[in-house]
Amino acid sequence: MSRCFLDAFPVEILYAIFSYFLAHEILLTFSSASPFVDAALVTYSDYRIDFKSILKRHFDLVCRRIRPDQVVSLKLFDDDDTPCQIKIFLSQFQIEQFTRLRSLTLPDVQTSWLQHILSNLNKLERLNSLKLVNTPFSGRIYERSDCLINYTVENRLKCIPLSHLQQLTISNCSFHDLENIFTRALQLKSLNIQLTGAAASLKYFPVLPQLTSLMLKIDDENSAFVPTGNNLILSMNTFEFFLSKLPRLRHLVLDGQAHTSIIDGRRWEILAMDLLTFNFNFKLEINQIEQILETFRTPFWIERKRWFVAYIHGRLFSVPHFVGRCITLPFHTPVHSTTPNDELFYEHVDSLGLPNAEIDDVHRFAHVTTLRLELAIRLTTIQTMIDLSRVRELILYGRESLSIILQIPTVMPRVDKISLYFGISENINNDLRRIRDMQPIKQVRTLQIIGSKYMSYVRNMSSIKELCRIFTHVKQLHVFDQTSIRHIGCWIDGFKYLSNASFYLSLSMNETINHRLMRKPNMLVNGSCSLANGTFECRIIDLGERKAYCSIWIGDQASLSQY
């Protein structure tokens with residue numbers, strides 16, 4: 001029996017190698033390499049778990065093989081790709097078992113399991129980093145049955161052991177919550193916060209002595225921070241006082257509605273003297289724009305710090321930090337700017353849209369990873385403008401753009417995600433028949449179908465089968481259309497490598513059947529042969545008006561349940 005070359009290394013070297021990988025990557029790569037390596041996996045105590053969009057079988061592997069006291073970083077999610085993930089996780093572990101945990105990331109949703117986790121965080125003595133993050137799924141999750149009506153944002157903050165934390169990311173906080181953080185989180189070094197509600201006085205704010213990094217976003221849609229006076233937090237007078245509470249601040253990001261007094265570059269020179277990075281996105285209307293920009297053209301801004309700003313569409317913002325990464329041609333750079341040239345506005349673009357065939361822009365976009373096309377075009381005609389070899393996501397609008405699919409294998413070798421948008425009256429049956437002879441595209445792993453409730457082609461079994469034949473290796477499927485329940489089995493069985501899927505559903509006119517479906521979500525996949533033995537998790541959310549949303553997480557060792 002040949003000896004594994006890893007056996008020649010001291011176990012400390014193996015630990016150092018493991019530190020470059022996530023937990024599931026370590027187990028998949030090194031398990032069964034040799035008895036010596038397997039022993040190192042058991043004794044390794046710095047596992048980092050990231051369950052975002054993880055395959056169900058990889059999730060099960062981690063839960064089966066790793067002890068809680070081996071984990072130092074944990075990221076849990078409960079979105080479309082991994083429904084019921086946290087429920088399954090908490091059925092196997094208690095958060096207080098993770099005694100060595102230093103970093104924890106959770107979705108910021110108002111549910112019983114979040115309250116349970118937060119209520120026990122004070123038992124984790126080593127925890128110094130907490131992130132409560134919003135996801136696209138956060139809004140819909142409030143429709144679930146385990147939502148807590150009386151579980152307020154304020155109660156959520158009271159559960160968090162602020163005195164231990166060095167890093168905190170949290171959204172939907174009031175001004176009072178911010179004062180609470182300043183009062184209790186004296187060890188905090190990094191704060192990323194989204195404020196909502198009305199501003200109040202900073203007079204009684206204590207000093208936050210250790211904070212070196214602050215990201216402050218004002219939620220404009222749900223906030224009373226309106227530019228009617230000089231007392232809102234994004235005004236110069238208020239922020240001068242605010243920064244006096246942060247003596248060690250070195251990195252600052254500001255984003256939100258602002259008072260006109262804050263756009264004084266010379267006053268900021270004094271405040272930002274010790275800052276290493278300073279980026280802002282001030283939303284306000286400015287008169288005499290060039291006169292204002294002159295205060296940001298001093299040697300301090302242009303030569304010493306090399307901080308550039310621009311103004312367009314009611315925004316004064318830092319370049320390139322707040323430059324739009326998603327643009328549509330024709331694209332015009334801001335007229336009012338302190339940048340030495342326009343390159344900073346182009347080189348950070350990673351999502352580009354082409355609405356028509358009139359392409360006059362000769363600038364080359366070298367870093368585009370998402371390409372949006374609303375026309376039928378030969379991709380070779382835009383190769384001089386876009387590095388197509390870098391494109392990972394292709395978004396096609398309208399049935400005419402389907403012809404581009406034929407060109408993907410030879411022109412876009414790295415595309416692994418395709419989104420198809422179709423209008424109300426469009427039917428793609430004939431278009432799919434035209435490309436019936438094309439070879440399957442094996443590189444695509446994610447497929448999105450987006451349309452409207454009137455899209456008859458989604459209800460056409462032959463069209464579904466043709467899409468399954470073309471995109472043979474899809475792992476993630478999202479059908480944003482009023483899909484018929486009887487076609488879900490066809491979608492799932494057609495993609496044999498599927499790991500997760502989500503659908504907008506049209507429910508029955510029979511309310512008794514609908515209630516039964518909500519209680520027993522396994523009825524959704526009754527038409528699926530590949531899931532007949534049940535190796536998946538399923539969640540259904542009733543959206544009202546005989547509509548529902550379901551997500552399915554397909555794995556090897558799971559049982560169907562409703563969250």
Side-chain angles (χ1 to χ4, degrees), residues 50 52-55 77 79-82 135-137 323-329 331 346-356 359 361 363-423 426 428 431-432 435 438-451 458 467-468 470-481 491 495 497-504 551:
D50 186 348
K52 184 173 179 60
S53 299
I54 194 170
L55 296 178
F77 296 88
D79 52 20
D80 290 353
D81 294 340
T82 57
T135 68
F137 189 68
V323 166
R325 294 179 175 272
C326 177
I327 68 170
T328 300
L329 296 183
F331 172 67
Y346 287 101
E347 63 184 22
H348 294 274
V349 171
D350 56 23
S351 179
L352 182 66
L354 302 180
N356 54 59
I359 303 173
D361 200 312
H363 187 88
R364 181 166 176 79
F365 297 89
H367 306 290
V368 171
T369 57
T370 299
L371 181 60
R372 311 184 310 277
L373 297 174
E374 301 181 30
L375 68 161
I377 189 174
R378 290 197 62 82
L379 294 178
T380 52
T381 64
I382 59 175
Q383 280 184 317
T384 58
M385 183 178 64
I386 305 169
D387 184 354
L388 295 177
S389 66
R390 290 178 175 266
V391 175
R392 301 292 300 271
E393 178 180 3
L394 182 61
I395 302 175
L396 302 177
Y397 293 85
R399 49 187 290 271
E400 293 182 358
S401 63
L402 279 175
S403 61
I404 294 174
I405 293 176
L406 293 165
Q407 308 172 52
I408 292 175
T410 56
V411 185
M412 294 183 179
R414 299 183 66 188
V415 165
D416 58 11
K417 180 178 181 179
I418 289 184
S419 298
L420 303 176
Y421 285 75
F422 299 103
E426 292 185 307
I428 63 170
D431 300 272
L432 287 175
I435 59 176
M438 74 172 293
Q439 293 298 312
I441 304 177
K442 298 181 179 180
Q443 67 198 66
V444 176
R445 297 293 183 267
T446 301
L447 178 64
Q448 290 192 140
I449 310 292
I450 302 99
V458 168
L467 288 170
C468 295
I470 296 171
F471 304 107
T472 54
H473 283 62
V474 164
K475 292 184 177 181
Q476 296 179 316
L477 173 68
H478 304 289
V479 181
F480 298 104
D481 170 68
W491 282 111
F495 296 109
Y497 298 103
L498 207 60
S499 62
N500 56 68
S502 58
F503 305 89
Y504 279 109
S551 47

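Model, not experiment: these values are computed from the prediction.
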Apply side chain to side chain contact (heavy atoms under 4.5 Å, CB included) to residues L420 and I450 and explain how you reach the verdict. CA-CA 6 Å; L420 303 176; I450 302 99; over 6 Å; no

Within the distance-only criterion (no hydrogens, no angle test), does the side chain of Q448 pair as donor or acceptor with the backbone N or O of H478 below 3.5 angstrom? no

Between CG on residue L379 and OG1 on residue T410, distance to nearest 0.5 Å: 8.0 Å

Walk me through it: do V411 and V391 pass the test side chain to side chain contact (heavy atoms under 4.5 Å, CB included)? CA-CA 10 Å; V411 185; V391 175; over 6 Å; no

Spatial distance of atom OG1 (T328) from atom CG (L354) [nearest 0.5 Å]: 8.5 Å

Aromatic plane relationship, F480 with Y504 - under 30° parallel, 30 to 60° tilted, over 60° perpendicular: tilted

If you define the side chain from C-beta out and look only at heavy atoms, does anything of F365 sit under 4.5 Å from I382? no

Does the pair H473 and Q443 meet the rule for a side chain to side chain contact (heavy atoms under 4.5 Å, CB included), with working shown? CA-CA 7 Å; H473 283 62; Q443 67 198 66; over 6 Å; no

Checking R414 side chain against L388 main chain: does a donor-acceptor pair fall under 3.5 Å? no

Flag the pair D80 / N500 as yes when at least one side-chain heavy-atom distance between them is below 4.5 Å, and no otherwise. no

Closest heavy-atom pair and its distance - V368, T370: CG1-O, 3.3 Å

Please find the pair of heavy atoms, one from F77 and one from T82, that lie closest to each other, and give the distance. O-OG1, 3.8 Å

What distance separates L447 CG from L467 CG, expressed to the nearest 0.5 Å? 6.5 Å

Can you give me the closest heavy-atom contact between P440 and T472, atom names plus distance? CB-CG2, 3.4 Å

Can you tell me how the ring of W491 sits relative to the ring of F495, calling it parallel under 30°, perpendicular over 60° and tilted otherwise? parallel

What's the separation between atom CG in L396 and atom CD1 in I404, rounded to the nearest 0.5 Å? 5.5 Å

Any donor-acceptor N/O pair, S499 side chain to K475 backbone, under 3.5 Å: yes

Does L498 reach the side chain of V474, with side-chain heavy atoms less than 4.5 Å apart? yes

CG-CZ distance between L477 and F503, expressed to the nearest 0.5 angstrom: 5.0 Å

For the student: nearest non-hydrogen atoms of I377 and Q407, plus distance: O-NE2, 3.0 Å

Might you point out which heavy atoms bring V349 and G324 nearest each other, and give the distance in Å? CG2-O, 4.1 Å

List the steps and the verdict of side chain to side chain contact (heavy atoms under 4.5 Å, CB included) for R390 and D350. CA-CA 10 Å; R390 290 178 175 266; D350 56 23; over 6 Å; no

For the residue pair S389 and P413, what are the closest heavy atoms and their distance? CA-CD, 4.3 Å

Donor-acceptor pair between R372 and S351 side chains, under 3.5 angstrom: yes

Decide yes or no for V444 and L394: does some side-chain heavy atom of the first lie under 4.5 Å from some side-chain heavy atom of the second? no

Answer whether the closest heavy-atom distance between the side chains of I395 and L371 falls below 4.5 Å. no

Within this structure, what is the CZ-CD distance for the pair R325 and E347, rounded to the nearest 0.5 Å? 10.0 Å

